Structure formats: structure tokens, C-alpha cells
Protein chains: 2
Amino acid sequence: MSEDFDLGAFLPYRLNRAAELVSLRFAAQYRARYQMTRPEWRALAALGFHGRMTATEIGAHSTMHKTKVSRAVKALETRRWLRRIEDRNDRRTEHLELTALGLRSYRDLAKMAQDYEGELASLLGAGGLKQLERGLTALEDAMLSGTGDRQPNSQSKPVAKHGER
Amino acid sequence: MSEDFDLGAFLPYRLNRAAELVSLRFAAQYRARYQMTRPEWRALAALGFHGRMTATEIGAHSTMHKTKVSRAVKALETRRWLRRIEDRNDRRTEHLELTALGLRSYRDLAKMAQDYEGELASLLGAGGLKQLERGLTALEDAMLSGTGDRQPNSQSKPVAKHGER
DNA sequence: TCGTAACGGTTGATTTTGCAACTATCAAGA
DNA sequence: TCTTGATAGTTGCAAAATCAACCGTTACGA
């Protein structure tokens, strides 16, 4: 059966699995506490951590598609956790900023995140954690700078479907 | 703003990002070549690699929800890439097996996967790869054995037999 | 040998996503 | 000024993921 391809060792497979295991557990926490979705938490975290930023910046930062960001922002706005501030020089963009309410929630969630991180760290042990972090750093560097953009077209027959324009 | 929580270093965040970057690029390949979805590729890979197995086993292995597996299997069956084999002792379960056609596609895809893995490895460098792998192993061990909790499945199973490696 | 609970798997409804097309704005030329 | 082409962000819609209920079957204790 197995020829020489080892599925269990295949990096995308392992990474996905790991990411799922790690983030689902945390997602369950903020979901239970605030009924918030993952994109919402991500946007909130970005804003809380970096302070005022635009939707596009949030997207770039958290690798979320702009529609996801748009909807997450709308949801947070509805909760009155953030407000939009227009740019005087460019009326297309809007700067986003957490309200006091939003900031409070952010702090609470950041605390939870830290706790969770500590939990993970102790589960992993110092050695495992360090290796994982280094490995991830290497990967990030490789993926982002190594090949420039993110259009996947290395080898393989393209059967381009949509696309023109 | 930032207090002491560092979003950019938050493990779930980094892992998700990494997993996305790595698997999306590969997903684009098999999608372009065979018009197949991620669950389909996963099911195919599991079957191709492990040989005959049941839908539940596939799910346990690839951490896919049973409905996802069910639909992926149906799709693969429609393509005539797999066949169902009934169990003589238990008429609820069905064993799944790739057809010759399915096996051929699996081999082709496994080849692509290997190529991709090689590409990743060279991007990462020997050191980075090794660290990432070790870190992932540590994480897997920690998450799976460290705390018995499993996914939020309505019908959870008693600790899947992860003969994994 | 019932009755009940659990299991393997499927289906339909609901929610979430991703893509494409759209609005509105800006910027640079001709 | 009038085009043409980007850019920021939103929205409609179709594909995909999730959830809950379901069917037929099996396991097991009373």
C-alpha cells in the first residue's frame, strides 16, 4: 500500500491537524464566553493589540480575506466594541478603533489567551515549545519571502478555470 | 495598547496561519488537476495510504467530521475511485477500498504531495524542517495524551485508536 | 426476548465561507 | 477636464462546513 509517501508525516496534514487541535480548544472558550466567531476574535485581537488600524491592515495581518474582515468588523460594530473613523484625506478608507467596551473585552480575552498559552507551554515543555516556535519561524520566513507572493503555481498542469480580467 | 500579550507570538494564531499557507498552496494543485475538494483528497489519501478502512476510521484519522467524510466518500464513489464493501458481521459498517482507477489517481497525487514536500523541505532547510517536525511531534503528543479531551462531537468515541506515528 | 442505549452512516436545514461583481473614491495622464 | 485604472470596502450568491435529527442495526442488561 504505502509505497514511499508517508501521509502521517506529510507536513500540510500535520500542520492542519495541529492547528485544529490547538485553536479549537481556545475557540471553544471565547465562543462560550462571548458568543464570538473566530474572525471576530481575530479582528478584535488585531485591533486590541495594534491599536487603530484599517480593515485592509487587519486582513493583511491576520491573513483573512477582506470579506471576512468586513463582516467581522460589522459584527463588532453592532456590539459596540469598535467604531469607525473616517479618514480626512481619503474617504475610501476607514480607521477602526476599539471602544472602551471593546477594549475591556479584548483585555479579558487576551488574559484568557495568555492563560491558554501558558497551559500549552507547560504541556509542551520548554524544549518542545522552543522547537515548534523556531520551526514556525523558519516556515513563515520560507513561505513569505521564499517565493514572494501567494499564488500557487509551481508545477502541475493548470486547468485554469475562472480568472480572466 | 499591547500590555504583555503578544498576538504575533500566539501559538494558535501562528499555527493557523502556517497551516493555511502551507496547505492552500497544495490544495490549489489538486483542485486544478482533479477538481477535488480538500475532504476528498484527505479521504483518498487515507485510503490510498492505509488501504481498506471504514468511514469512521477515516474520520478519526484525519480529524474530519463524519458528515464531511460521508460526503467525500460519496463523491469519490461517484467518480468510481472507491467501492463499498459490506461487513458480514456488522451490517452497519462498510469497508471502503480504492478501485484501480482511484489507486491510480492516488499515486499521481501522492507523487505531487512528495514533490511539494520536497519543495517545502528545500525552502525550510534541513534545520528548520527538523525543528518544525520535532515541535509538531511534541505538540501532538501533548495534545492527544496530555489531556484526554477530544473534539466537540455529539457522539464522541472512546479515544480513537491512533496507531499513528 | 424484550427494551433501551449506542453505533455507523446519511440527509436536510442552517450558518459560514469565498468568489465575483459592485459602489465609491482617488490618482495620473492626455 | 475627461478618461482609465487602481484601491477600500460591501454585498449577492453559490459552494462548503456544521448541526441536528434521522434510519437501520447491534449490544446488552433486566
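Residue numbers begin at 1 in each chain, while the letters A, B, ... track the order of the sequences. Just so we're clear, the structure is a prediction, and the values are computed from it rather than from any experiment. Just the heavy atoms: all of them, side chains too, but no hydrogens, waters or symmetry mates, feed the values below.
- In this structure, of dT25(C), dG9(C), dT17(C), it is dT17(C) that holds the atom nearest to the side chain of Pro39(A).
- Among the atoms of the strands shown, only primed sugar atoms or phosphate atoms (P, OP1, OP2) are found under 4.0 Å from some heavy atom of Arg31(A).
- Not a single donor-acceptor contact under 3.5 angstrom links the side-chain atoms of Arg71(B) to the base of dG9(C).
- Residue Thr37(A) has its side chain nearest to dT16(C) when only dT16(C), dC19(D), dG18(C) are considered.
- Closest to the Lys66(A) side chain, of the nucleotides dT25(C), dC19(D), dT10(D), is dT10(D).
- Computed from coordinates, the Asp90(B) CG to dG9(C) P distance equals 9 Å when rounded to whole Å.
- Contact record, Ala55(A) with Leu96(A): N-CD1, 3.8 Å, taken as the closest heavy-atom pair.
- Atom pair Arg91(B):CZ and dG24(D):C1' shows a separation of 9 Å (rounding to whole Å applied).
- When distances are taken from the side chain of Thr67(A) to each of dT11(C), dT25(D), dT11(D), the shortest belongs to dT11(D).
- Tested against Trp41(A) for a ring-ring contact (aromatic ring centres under 6.0 Å, His included), the candidates Phe26(A), Phe49(A), Tyr34(A) yield a single pass: Phe26(A).
- Asp87(B) comes within 4.0 angstrom of no nucleic acid atom, judged by non-hydrogen atoms across all strands.
- For the pair Met64(A) CE and dT16(C) C1', the interatomic distance rounds to 14 Å; values are reported in whole Å.
- Comment: Arg84(B) engages Glu77(B) in a salt bridge, judged by a side-chain N to carboxylate O separation of less than 4.0 angstrom.
- Comparing dG9(C), dA8(D), dC26(C) by their closest approach to the side chain of Thr56(B) singles out dG9(C).
- A donor-acceptor contact under 3.5 Å links the side chain of Arg92(A) to the base of dT7(D).
- Atom CD1 in Ile85(B) sits roughly 17 Å away from atom C1' in dG8(C) (whole-Å rounding).
- Taking only side-chain nitrogens and oxygens, Ser70(B) never comes nearer than 4.0 Å to OP1 or OP2 of dG9(C).
- In this entry the distance linking CG of Leu24(A) with P of dT18(D) reads 9 Å, nearest Å.
- A straight line from CD of Glu86(B) to P of dT25(D) spans 11 Å, rounded to a whole angstrom.
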### Message
Before you tell me yes or no, could you show the steps for Arg17(B) and Leu136(A) under side-chain contact (heavy atoms from CB on, under 4.5 Å), namely the whole-Å CA-CA distance, both residues' side-chain angles and the distance that decides it to 0.1 Å?
### Response
CA-CA 10 Å; Arg17(B) 193 182 155 87; Leu136(A) 283 173; over 6 Å; no

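- Positionally, the nearest nucleotide of DNA chain C for Thr93(B) lies more toward the 5' end than for the other of Arg38(A) and Thr93(B).
- Nearest nucleotide to the Ala55(B) side chain, out of dC26(C), dT26(D), dG9(C): dG9(C).
- Side-chain atoms of Ser70(B) do not come within 3.5 Å of backbone N or O of Lys66(B) as any donor-acceptor pair.
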### Task
Would you please test Phe5(B) and Tyr106(A) for side-chain contact (heavy atoms from CB on, under 4.5 Å) and show each step?
CA-CA 11 Å; Phe5(B) 167 61; Tyr106(A) 165 71; 3.5 Å; yes

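- Between Arg88(B) and Lys74(A), the residue anchored nearer the 5' end of DNA chain D, judged by the nucleotide with its closest heavy atom, is Lys74(A).
- In this entry the distance linking CD of Glu94(B) with C1' of dT25(D) reads 13 Å, nearest Å.
- For His65(B) and dA21(D), the NE2 to P distance is 13 Å, given to the nearest whole Å.
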